[in-house]
Amino acid sequence: MSQVIKTGKAFEFTPENIEKAKVFIAKYPEGRQQSAVMPLLDLAQRQNENWLSREALEYVGEFLDVPYMRVLEVASFYTMYNLKPVGKYFLQLCRTTPCWLRGCDNLVKVCEDKLGIHNGETTEDGKFTLLEVECLGACTNAPVIQVNDDFYEDLNADNFEKLLDRLAKDDVPDHGPQIERINSAPEGGPTTLLEKAGDA
Ligand code: FES
């Protein structure tokens, strides 16, 4: 099981997050409120710079009246919860087959050469963390990297370097395809259904 970090700093929800937590809990049937552990862990993580300390895990357990160990079981099972600090820009780089066939190795190399980090590592300035993950579900626009909550798609070494340069300056580009492509339409525009009814 992952090592859990105790910071010595108490954690508690902000008043605004307490209200959000109550909304999440109210979605579950009577007697099943403990099932809100996942959204509450997510809420705690967002409040705590994108990771969960021991204090945050304990707080969520107390909030829901769930034993700490059961909260930890959930938090350590799902990769969406970070049990150690991560960079301001958390790069989840997809390594599954479509992204691999479309050159995700080049993106790993950019992280190594430009940022000096490998899988699971954070830059010294605390700006970037790299985590290699399985399919992010956006294979049509492979290769894909999730930066915090957003997908950046159709990446190559060149446009990925530019993306990192902008993020380093806290200039966050629009997410989505990073080439001339509308959403998941074919590169270069539509190739079928080009004529309107009545043409030809
Ligand atoms: S394989 Fe990378 S998003 Fe699906």
K.L.:
Considering only heavy atoms from C-beta outward, does the side chain of Cys94 approach that of Ile145 to under 4.5 Å?
P.N.:
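Not touching, per the 4.5 Å side-chain cut-off.
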
K.L.:
Can Tyr78 be reached from Leu83 by stepping across I, L, V, M, F, W or Y side chains whose heavy atoms are under 4.5 Å apart?
P.N.:
yes

K.L.:
If you group Ile, Leu, Val, Met, Phe, Trp and Tyr by side-chain heavy-atom gaps below 4.5 Å, do Leu72 and Ile5 land in one group?
P.N.:
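Result: no, two separate clusters.
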
K.L.:
If you measure from CG on Leu43 to CZ on Phe13, what distance do you get to the nearest 0.5 Å?
P.N.:
4.5 Å

K.L.:
Please check if Met80 and Val86 belong to a single hydrophobic cluster, counting links between Ile, Leu, Val, Met, Phe, Trp and Tyr side chain heavy atoms closer than 4.5 Å.
P.N.:
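No, because Met80 and Val86 fall into different hydrophobic clusters, even though each may have its own neighbours under 4.5 Å.
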
K.L.:
What orientation do Phe128 and Tyr89 show, parallel under 30°, tilted 30 to 60°, or perpendicular over 60°?
P.N.:
tilted

K.L.:
Does any pair with a residue in residues 25-44 pass side chain to side chain donor-acceptor pair (under 3.5 Å), and if so which ones, sequence neighbours excluded?
P.N.:
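Non-adjacent pairs meeting side chain to side chain donor-acceptor pair (under 3.5 Å): Asp42-Arg46.
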
K.L.:
Would you say Gln178's side chain and Asp174's backbone share a donor-acceptor pair under 3.5 angstrom?
P.N.:
yes

K.L.:
Is any side-chain heavy atom of Leu41 closer than 4.5 Å to a side-chain heavy atom of Leu57?
P.N.:
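Contact flag for Leu41/Leu57 side chains = yes.
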
K.L.:
So, for Ala75 and Leu52, which heavy atoms are closest and what is the spacing to 0.1 Å?
P.N.:
CB-CD1, 4.4 Å

K.L.:
Any side-chain heavy-atom pair from Val74 and Tyr81 closer than 4.5 angstrom?
P.N.:
yes

K.L.:
Could you pull out the closest heavy-atom pair between Phe160 and Leu107, with the gap in Å?
P.N.:
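Between these two residues, the closest heavy atoms are CE2-O, 3.5 Å.
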
K.L.:
First locate atom CG of Asn141, then atom CD of Glu187, and finally report the distance between them rounded to the nearest 0.5 Å.
P.N.:
8.5 Å

K.L.:
Keeping Thr123 on the side-chain end and Lys127 on the backbone end, is there a donor-acceptor pair under 3.5 Å?
P.N.:
yes

K.L.:
So Pro177 and Tyr152, do their side chains get closer than 4.5 Å, heavy atoms only?
P.N.:
no

K.L.:
Could you go through Thr129 and Glu121, starting from their C-alpha distance and side-chain angles, then the distance that decides it, and tell me whether this counts as side-chain hydrogen bond (donor to acceptor under 3.5 Å, both in side chains)?
P.N.:
CA-CA 6 Å; Thr129 295; Glu121 293 178 351; over 6 Å; no

K.L.:
When rounded to the nearest 0.5 angstrom, what distance separates OG in Ser53 from CG in Asn48?
P.N.:
5.0 Å

K.L.:
Between Glu19 and Lys22 (salt bridge meaning N to carboxylate O under 4.0 Å), is one present in this structure?
P.N.:
yes

K.L.:
Roughly how far apart are Leu91 CG and Gln146 CD, rounded to 0.5 Å?
P.N.:
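It is 10.0 Å, given to the nearest 0.5 Å.
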
K.L.:
Kindly give the heavy-atom pair with the smallest separation between Asn50 and Asn82, and that separation in Å.
P.N.:
O-ND2, 2.9 Å

K.L.:
As an exercise, state the distance from SG of Cys99 to CG of Leu155, rounded to the nearest 0.5 Å.
P.N.:
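Cys99 atom SG to Leu155 atom CG measures 9.0 Å (nearest 0.5 Å).
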
K.L.:
Looking at Thr14, is its backbone amide N or carbonyl O close enough to the side chain of Gln47 to form a donor-acceptor pair, meaning the two atoms are under 3.5 Å apart?
P.N.:
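It does hold such a pair.
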
K.L.:
With a cut-off of 6.0 Å (strictly less than), are more than 12 heavy atoms of other residues, nucleotides or ligands near CD of Glu112?
P.N.:
yes

K.L.:
What is the distance from atom CG of Leu136 to atom OG1 of Thr96, rounded to the nearest 0.5 Å?
P.N.:
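Separation between the atoms: 7.5 Å.
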
K.L.:
side-chain contact (heavy atoms from CB on, under 4.5 Å) between Lys88 and Leu167: does it pass, once the steps are laid out?
P.N.:
CA-CA 9 Å; Lys88 179 171 186 183; Leu167 293 175; over 6 Å; no

K.L.:
Look at the side-chain heavy atoms of Ile, Leu, Val, Met, Phe, Trp and Tyr, link any pair under 4.5 Å apart, and say whether Leu131 and Ile117 land in one connected group.
P.N.:
no

K.L.:
Using the rule given for side-chain contact (heavy atoms from CB on, under 4.5 Å), can you reason through Glu55 versus Lys9, listing the C-alpha separation, both sets of side-chain angles and the distance that settles it, and then say yes or no?
P.N.:
CA-CA 7 Å; Glu55 289 87 349; Lys9 273 187 355 202; 5.5 Å; no

K.L.:
According to a hydrophobic-cluster definition based on side-chain heavy atoms being under 4.5 Å apart (Ile, Leu, Val, Met, Phe, Trp, Tyr only), do Leu130 and Phe90 belong together?
P.N.:
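No, Leu130 and Phe90 fall in different hydrophobic clusters.
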
K.L.:
In terms of heavy-atom contacts, does CD1 of Ile182 have more than 12 from other residues, nucleotides or ligands at under 6.0 Å?
P.N.:
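No, CD1 of Ile182 has 12 or fewer neighbouring heavy atoms, counting only those of other groups under 6.0 Å.
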
K.L.:
Taking C-beta and beyond as the side chain, do Leu64 and Leu40 meet within less than 4.5 Å on heavy atoms?
P.N.:
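Leu64 reaches Leu40 side chain to side chain.
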
K.L.:
Just to verify, what does His175 make a side-chain hydrogen bond (donor to acceptor under 3.5 Å, both in side chains) with, not counting sequence neighbours?
P.N.:
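His175 satisfies side-chain hydrogen bond (donor to acceptor under 3.5 Å, both in side chains) with no other residue.
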
K.L.:
Cationic tip of Arg54 within the cone over Tyr68's six-membered ring, i.e. under 6.0 Å and within 45° of the normal?
P.N.:
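Flagged: Arg54 positioned over aromatic ring of Tyr68.
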
K.L.:
So, for Ala138 and Val144, which heavy atoms are closest and what is the spacing to 0.1 Å?
P.N.:
O-CG2, 3.5 Å

K.L.:
Hey, is CG on Asn183 packed in by over 12 heavy atoms from elsewhere, all under 6.0 Å?
P.N.:
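12 or below, so no.
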
K.L.:
Can a donor-acceptor pair be found, under 3.5 Å and without considering hydrogens, that links the side chain of Arg95 to the backbone of Val133?
P.N.:
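Such a contact is absent between Arg95 side chain and Val133 backbone.
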
K.L.:
Answer yes or no: is there a side-chain heavy-atom contact under 4.5 Å between Glu132 and Val108?
P.N.:
yes

K.L.:
Can you see which heavy atom on Pro85 is nearest to which on Thr122, and at what distance?
P.N.:
O-OG1, 4.3 Å

K.L.:
Over 60° means perpendicular and under 30° means parallel, so tell me whether Phe63 and Tyr59 are parallel, tilted or perpendicular.
P.N.:
tilted

K.L.:
Not counting sequence neighbours, list each pair that qualifies as a side chain to side chain donor-acceptor pair (under 3.5 Å) and has a residue in residues 155-169.
P.N.:
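Only Lys114-Asp165, Asp158-Lys162, Arg166-Asp171 qualify under side chain to side chain donor-acceptor pair (under 3.5 Å).
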
